[in-house]
2 protein chains.
Amino acid sequence: MTAIKETSVIQENKSNAFSNCPVTFVMERIGGYWKPIILFNLLTGTKRYNELKKSIPTITEKMLIQHLKQLEADGLVIRKAKPVVPPFVTYQLSKKGKELRPVLYAMAEWAVSNSGQQTEQFKKQMEDFPK
Amino acid sequence: MTAIKETSVIQENKSNAFSNCPVTFVMERIGGYWKPIILFNLLTGTKRYNELKKSIPTITEKMLIQHLKQLEADGLVIRKAKPVVPPFVTYQLSKKGKELRPVLYAMAEWAVSNSGQQTEQFKKQMEDFPK
DNA sequence: GTATGTACTTCCATAAAAGTAAGTACAATT
DNA sequence: AATTGTACTTACTTTTATGGAAGTACATAC
């Protein structure tokens, strides 16, 4: 697989003078486009790899796995694999991961009030927003 | 200047089937590494270009301006320029931008409770977290 | 013995983001 | 006439992210 770069810009910033900005701290872990979306889709609970894939139709397998691995490495998601064939692997949020709910929730609320056209769609999504 | 690409992956996703995810909607606007950091630094109020640069020491001028332009184009920040020489330009959050405060605040709180070593530094930053 | 399902992995190509360094305008100051 | 300050621009390079497509393991079903 594509190695998780240990020296991305994001990683490097960990050790610079700006590391005392809490928002930076968060972006180092969930920055980028896909991670919040993946986390959002795990808020509803444990999902198999395939289910996750289906719930995010536009992500490629490579991206999905790569980010899942990174999220796992950062302790935000927990991977569980049953030793069976064909494989049975589930992903779920860790405690740390679940604590991101307020962040994702605040995002969703902002989307609802600033989306114009899509507001109604978003509102529907909000109805079953996991507590 | 480097043109703001109109067809980035992020932009394209706007029109795909996944566009009914509110978190995606948010990431389309503030996704990436720098934007939340810039917005965070504008929460404390109007700032001149130079002040902003100083408060985010690791950002390059190119990145700062590029993102400011995009944020302005998305209606999240307001640019005001006095017709003087040398230039006097300020940036501030728009209403829409200010409404991102809960998102940024939730991020900051998560950072405080999940940071281990840097917790104390973050707490300090939180003290003057704008209301 | 061929096909199926699941969760990946690998290689190669492209696109986007970010970094580097130098340059610009122009009034006011020295 | 040269220097300063501010807010940018521009051209070029490097790094990182993403895409696409094919391949792998292996128990079970057909």
Side-chain angles (χ1 to χ4, degrees), chain A residues 1-14 16 18 24 27-28 30-38 46-72 77 79-92, chain B residues 1-14 16 18 24 27-28 30-38 46-72 77 79-92:
Chain A
M1 79 175 210
T2 302
I4 298 168
K5 293 259 180 125
E6 289 167 31
T7 50
S8 67
V9 173
I10 290 175
Q11 299 303 106
E12 277 183 17
N13 277 348
K14 278 184 182 173
N16 73 28
F18 197 50
T24 302
M27 295 316 286
E28 281 161 1
I30 65 162
Y33 184 70
W34 292 115
K35 282 179 182 169
I37 295 169
I38 293 170
T46 304
K47 279 186 180 167
R48 288 187 69 173
Y49 172 78
N50 253 353
E51 295 178 289
L52 209 44
K53 207 176 70 178
K54 278 174 203 156
S55 66
I56 312 176
T58 52
I59 199 171
T60 60
E61 292 197 79
K62 195 190 149 196
M63 282 298 101
L64 179 53
I65 291 191
Q66 195 178 112
H67 286 122
L68 282 172
K69 298 283 176 202
Q70 290 173 1
L71 290 169
E72 193 194 357
V77 312
R79 192 192 98 114
K80 285 180 183 169
K82 287 185 190 172
V84 295
V85 171
F88 189 100
V89 179
T90 61
Y91 289 91
Q92 56 185 296
Chain B
M1 81 174 207
T2 303
I4 298 169
K5 292 258 179 125
E6 290 168 29
T7 51
S8 68
V9 173
I10 290 176
Q11 298 304 106
E12 278 183 15
N13 278 348
K14 275 184 184 173
N16 71 29
F18 198 50
T24 302
M27 294 317 285
E28 282 162 0
I30 65 163
Y33 184 70
W34 292 115
K35 281 180 183 168
I37 296 169
I38 293 171
T46 303
K47 280 186 180 168
R48 289 187 68 173
Y49 172 77
N50 253 353
E51 295 177 289
L52 210 42
K53 207 176 69 176
K54 278 174 202 153
S55 65
I56 313 177
T58 53
I59 200 170
T60 61
E61 291 195 83
K62 192 192 152 197
M63 283 298 101
L64 180 54
I65 292 191
Q66 195 178 110
H67 286 124
L68 282 172
K69 298 284 176 202
Q70 290 172 3
L71 290 169
E72 192 193 0
V77 310
R79 193 192 98 113
K80 286 181 184 169
K82 287 186 189 171
V84 295
V85 171
F88 188 99
V89 179
T90 60
Y91 290 92
Q92 57 185 294

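Computed from a predicted structure; not experimentally measured. Numbered from 1 within each chain, the chains take letters A, B, ... in sequence-line order.
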| request: If a protein heavy atom is under 4.0 Å from the base, mark B; if only from the sugar-phosphate, S; if neither, -; do that for nucleotides 20-30 of chain D going 5' to 3'. | output: B-----BB---

Flag the pair [X] / [Y] as yes when at least one side-chain heavy-atom distance between them is below 4.5 Å, and no otherwise.
X     : Y     : value
A/K80 : A/F88 : no
A/T24 : B/T58 : no
A/L68 : A/L52 : yes
B/I38 : B/I59 : yes
B/L71 : B/K35 : yes

Nearest of [options] to any side-chain atom of [X]?
X     : options               : answer
B/M63 : C/dG19, D/dT18, C/dT9 : C/dG19
A/R48 : D/dT6, C/dT6, D/dG19  : C/dT6
A/K69 : C/dT9, C/dA7, D/dT18  : C/dT9
A/W34 : C/dT6, D/dG19, C/dC8  : D/dG19

Distance in angstrom units between [X] [atom1] and [N] [atom2], rounded:
X     : N      : atom1 : atom2 : result
B/Q66 : D/dC12 : CD    : P     : 17 Å
A/L64 : D/dT18 : CG    : P     : 12 Å
B/K53 : C/dG19 : NZ    : C1'   : 15 Å
B/M27 : C/dA17 : CE    : C1'   : 15 Å
A/K47 : C/dA7  : NZ    : P     : 14 Å
A/Q70 : D/dT16 : CD    : P     : 12 Å
B/I65 : C/dA17 : CD1   : P     : 18 Å
A/I59 : D/dT18 : CD1   : P     : 8 Å

Is there a side-chain contact between [X] and the phosphate of [N], meaning an N or O under 4.0 Å from OP1 or OP2?
X     : N      : answer
A/N50 : C/dG5  : no
A/H67 : D/dA17 : no
B/Y91 : D/dC8  : yes
A/Y49 : C/dT9  : no

| request: Taking side-chain hydrogen bond (donor to acceptor under 3.5 Å, both in side chains) as the test, write out the residues that go with A/E61, two or more places apart. | output: A/Y49

| Contact summary for A/R48 and A/P87, nearest pair of heavy atoms | NH2-O, 3.3 Å

